[in-house]
Chemist: 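Dumping the structure here so I can ask a few things about it.
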Amino acid sequence: MSAEPATPALAPTDFIRDIVAADVTENRYAKIVTRFPPEPNGYLHIGHAKSICLNFGIARENNGQCNLRFDDTNPAKEEIEYVDSITTDVKWLISGWADHCLAFKAKGASPEKTTVNGLPDYFIAPVFESKIENQKSKIDSEPFSASSYFDQLYEYALVLIKKGQAYVCDLSPEDTDKYRGSPDKPGQDSPFRTRSVAENLDLFTRMKAGEFPDGTRSLRSKIDMASPNMWLRDPLLYRIRHTAHHHTGDQWCIYPLYDYAHCLSDYLEGITHSICTLEFVDHRPLYDWVLTSLDLPRALPHQYEFAKLNLGYTIVSKRKLLQLVNEKLVSGWDDPRMPTLSGLRRRGIPASAIRQFVTSVGVTKFDSLTEVAVFENAVRNELNPTAQRRLAVLKPIKIVLTNIPAGEVIACTATNNPQDETPTTRPLALTREVFIESDDFAEVPPPKYFRLKPGGEVRLKYACIIKLDEIVKDATGSVTELRCTADLTTRAGGINVEKKVKGTIHWVSATQCIDAEVRLYDRLFNVTEPAAELDFLRVVNPQSLEVVTAKLESSLASATPADRFQFERIGYFSLDKDSPVGPPLAGAPRLIFNRTISLKDTWAK
RNA sequence: UGCCUGAUGGUGUAAUGGUAGCACAGGCGACUUUGACUCGCCUAGUCAUGGUUCGAAUCCAUGUCGGGCAGCCA
């Protein structure tokens, strides 16, 4: 038996995809439909990326659809600002990969009443932005949202009441808690559990009408107060909240809870596979209870759970991320050190690298902690073949090439990306005075030091070999310049091009370079599991940002934020979104570059 | 001491009763006008104890350890 070549990058497989594949084989659904259902109460982060890639990935691999849906059933926590940032981040992350699977709904639409197998039903149809853009008459669309199902959800609640499966409870929040019992002790039935259908209908109608203050009554499912599963002890379906909703305004004062709204939202949208994280395993019987209690005519969605992503040296808790922002430990939600998608984007990390990373981590039920090295590897893998090589000196030290006259310009040719099949080039100017990296010179070199040292030779990349003759110091003894001789016969085309030296270093012309602010980022925390600390603020890395004024080769003056650069021998960089674009004018703010990630450095270790 | 869930090299993940493989990390070496990339080699694993079986990471039993659950949050 010859083994098929493994292609995990192209066709990832995991226990959820196996279930989907089996459902496809057995023709259980006409189309595979998944969904990404964030609550609009914060910014998306690297952990969400795993869920997004799983849901859109499954849709993509099965010619299916993935809905972006806002799980906006709690008006107290949600804001329109978040729906906008989430929509932007999702589109960015799937761009060029699963755009065609992304489903929205028609703007303002709510589920339509239909008949299926002679039974009344509701369904909301998808709209694909990727398709309407090609059409003449553009349909306005928007993401799905639980709040656009409030009418249907209310109707379904009425059905549950009429079937005797839900009741209005007058217990206070505190008493509800007491009656619920504890994990090892059964709860007690609410005294309101036996109310008549008529009374329940009356009370629930009046709840909706706004007759009662917050917290005075709730609609509860009638399941089992003695269930060993706490979530089956008559969980609440509706609570009273006299609070305006970012989407429905003042229209409602009762709002459905997650366990009631989520499964039905899935059903209304025709979701087939409802994928969530492990903490919802205990909720699954409730998910199924609601759906099966309602005698719905179409195929029911099913919930599957996987372990969320844990990344070393990273925090994703909304509360803690907010604390970093509020206490000005970072510049904002999109600070390049933040694990938010907007932060990673600003840092210059390509969406494809994030996708590759979360795919490489896999999907299981094991609560794991992934090393940051895996993420960094994915980023470098994406950047190496695409980033344009440039020369930049972060911490300059001046070299004088004593045998090159002042004013003379020696033209050199640099390769833009050696990884290209047919690499392109650009011109570089070698002049009498150049800057090199101060790390690339050592007066007292450590063992196996390949770089510039007294009496030693190195190659200036793309130019020629130079030899250090003299170290010039000021009165305090610090080095002010290095006087070297350039061996011009070792240039490309020269008779001694083939001459080998151990070290090759980067440089820029002192007279033909530009200044730029370069922000060097390091990990935000000093410990692998900052979330496990009693006080995570105490393990914030005080050196997570270093700002330097660097000398860049002049071609970098025309950089745009979309460009990805590798500053040779240093790392990958991109223009910050706040940086002025285009050639710097006199007196104008200078360019700002972010270091996306350093190059691997096996010498520094 | 109720319910749910899980345990494979340092890390993550495959193997669905039949050769424990891959990636990352680490080590050594080759190549190199990036101490990068690339290439080669190496290190290292089935939680424990029993059982079923010709054969067990996989099935069964017991135990150990980890994670989750008692919001009118999602």
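Heavy atoms only: backbone and side chains are in, while hydrogens, waters and symmetry mates are out. Letters A, B, ... mirror the listed sequences (proteins, then strands); counts begin at 1.
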Chemist: Which part of the nucleic acid, if any, lies within contact of A:Leu257, taking any heavy atom under 4.0 Å across all strands shown: a base, the sugar-phosphate backbone alone, or nothing?
Modeler: sugar-phosphate
Chemist: Considering only the C1' atoms, how many Å lie between B:A44 and B:G63, rounded to the nearest integer?
Modeler: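 Looking at atom C1' only, B:A44 and B:G63 are 28 Å apart.
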Chemist: One thing to verify: whether A:Arg451 and A:Asp439 come together as a salt bridge, which I'm taking to mean a side-chain N less than 4.0 angstrom from a carboxylate O.
Modeler: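 Between A:Arg451 and A:Asp439 there is no salt bridge, as every charged N stays at least 4.0 Å from the carboxylate O atoms.
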Chemist: Strictly by modelled atom types, are A:Asn381 and A:Asn377 linked by a side-chain donor-acceptor pair under 3.5 Å?
Modeler: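 Yes - a donor-acceptor pair under 3.5 Å links their side chains.
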Chemist: When we call it a touch if two heavy atoms are under 4.0 Å apart, what does A:Thr73 touch: a base, just sugar-phosphate, or nothing?
Modeler: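 Touches sugar-phosphate only.
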Chemist: Distance check, C1' atoms only: B:U11 and B:U46, in whole angstrom units.
Modeler: 16 Å
Chemist: Does one side chain, of A:Ser274 or A:Arg35, offer a donor that lies under 3.5 Å from an acceptor on the other?
Modeler: yes
Chemist: I'd like the P distance from B:G12 over to B:U49, given in whole Å.
Modeler: 23 Å
Chemist: Using modelled atom types and a 3.5 Å cut-off, is there a donor and acceptor pairing between side-chain atoms of A:Arg426 and backbone atoms of A:Ser555?
Modeler: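 Checked: no pair found.
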Chemist: Locate the shortest heavy-atom distance separating A:Asn417 from A:Pro385; write the atom from each residue and the value.
Modeler: ND2-O, 3.1 Å
Chemist: Between the side chains of A:Glu174 and A:Tyr179, is a donor N or O closer than 3.5 angstrom to an acceptor N or O?
Modeler: no
Chemist: Would you please say whether a donor-acceptor pair under 3.5 Å links the side chains of A:Thr13 and A:Asp18?
Modeler: yes
Chemist: Let's test your reading of the pairing rules: Watson-Crick or G-U wobble, both distances under 3.5 Å, then write RNA chain B as a dot-bracket string with ( ), [ ], | and dots.
Modeler: .((((((..((((....[..)))).(((((.......)))))....(((((..]....))))))))))).....
Chemist: Could you measure between the two C1' atoms, the one in B:C31 and the one in B:C24, and give it in whole Å?
Modeler: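 Those two atoms are separated by 23 Å.
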Chemist: Could you verify whether a donor N or O on one side chain and an acceptor N or O on the other, from A:Asp234 and A:Tyr167, lie under 3.5 Å apart?
Modeler: yes
Chemist: If we take the P atom in both B:C37 and B:A74, what is their distance in whole Å?
Modeler: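 One P to the other, the span is 47 Å.
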Chemist: Pick base, sugar-phosphate or nothing for A:Tyr238, based on heavy-atom distances below 4.0 Å to the nucleic acid.
Modeler: nothing
Chemist: Output one letter per nucleotide in nucleotides 29-43 of chain B: B when a protein non-hydrogen atom lies under 4.0 Å from the base, S when only the sugar-phosphate is that close, - when neither is.
Modeler: ----BBBBS------
Chemist: A:Asn229 and A:Asp282: which non-hydrogen atoms are nearest, and at how many Å?
Modeler: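 Smallest heavy-atom distance, with atoms named: ND2-O, 2.9 Å.
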Chemist: Describe the nucleic acid contact of A:Arg241 in one word from base, sugar-phosphate, nothing, applying a heavy-atom distance below 4.0 Å.
Modeler: base
Chemist: Please list each protein N or O that sits under 3.5 Å from an N or O in nucleotides 2-4 of chain B, with the distance.
Modeler:
unit_1: B:G2; atom_1: N3; unit_2: A:Pro183; atom_2: O; d: 3.4

Chemist: Students often get this wrong, so: under 4.0 angstrom with heavy atoms, is A:His283 touching a base, only sugar-phosphate, or nothing?
Modeler: base
Chemist: Does B:C73 have OP1 or OP2 under 4.0 Å away from a side-chain N or O of A:Arg239?
Modeler: yes
Chemist: Rounding to the closest angstrom, what is the interatomic distance between B:U64 and B:A70 at atom C1'?
Modeler: 26 Å
Chemist: Within this structure, what is the OH-to-C1' distance between A:Tyr287 and B:C69, rounded to whole angstrom?
Modeler: 19 Å
Chemist: At under 4.0 Å between heavy atoms, how does the protein contact nucleotides 10-20 of chain B? Give one character per nucleotide, 5' to 3', with B, S or -.
Modeler: BSSSS-B----
Chemist: Under 3.5 Å, is there a donor on one side chain and an acceptor on the other for A:Asn41 and A:Glu78?
Modeler: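 No, because no side-chain N or O of A:Asn41 sits under 3.5 Å from a partner of the opposite role on A:Glu78.
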Chemist: What distance, rounded to whole Å, do you find between the two C1' atoms, one in B:U8 and one in B:G27?
Modeler: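 It comes out at 23 Å once rounded to the nearest Å.
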Chemist: Out of A:Leu309, A:Ile16, A:Val358, A:Ile275, which residue meets the side-chain contact (heavy atoms from CB on, under 4.5 Å) rule with A:Val363?
Modeler: A:Ile16
Chemist: With sequence neighbours left out, which residue pairs that include part of residues 380-394 of chain A fulfil the salt bridge (charged side-chain N to carboxylate O under 4.0 Å, His left out) condition?
Modeler: none
Chemist: Roughly how many Å is it from CG in A:Leu278 to P in B:U5, rounded to a whole number?
Modeler: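 From A:Leu278 CG to B:U5 P: 10 Å.
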Chemist: Please determine if A:Glu61 and A:Arg17 form a salt bridge, counting it only when a charged side-chain N lies under 4.0 Å from a carboxylate O.
Modeler: yes
Chemist: For B:G27, decide between syn and anti, treating a glycosidic angle within 90° of 0 as syn.
Modeler: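 Nucleotide B:G27 adopts anti.
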Chemist: Once you round it to whole Å, what is the distance between C1' of B:C73 and NE2 of A:His245?
Modeler: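 A:His245 atom NE2 is separated from B:C73 atom C1' by 14 Å.
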Chemist: Scan residues 486-500 of chain A for pairs that pass side-chain hydrogen bond (donor to acceptor under 3.5 Å, both in side chains), counting only residues two or more places apart or in two chains.
Modeler: A:Glu457-A:Lys499, A:Asp487-A:Thr489, A:Thr489-A:Asn496
Chemist: Whether the A:Gln303 and A:Glu305 side chains hold a donor-acceptor pair (N or O, under 3.5 Å, no angle test) is what I'd like checked.
Modeler: yes
Chemist: Would you mind classifying the nucleic acid contact of A:Leu309 as base, sugar-phosphate or nothing, using non-hydrogen atoms under 4.0 angstrom?
Modeler: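 Nothing, no heavy atom under 4.0 Å.
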Chemist: Please give, in whole Å, the distance from B:C69 C1' to A:Asp259 CG?
Modeler: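 Rounded to the whole Å, the gap is 12 Å.
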Chemist: Quantified in whole Å, what is the C1' atom distance between nucleotide B:U43 and nucleotide B:G2?
Modeler: 45 Å
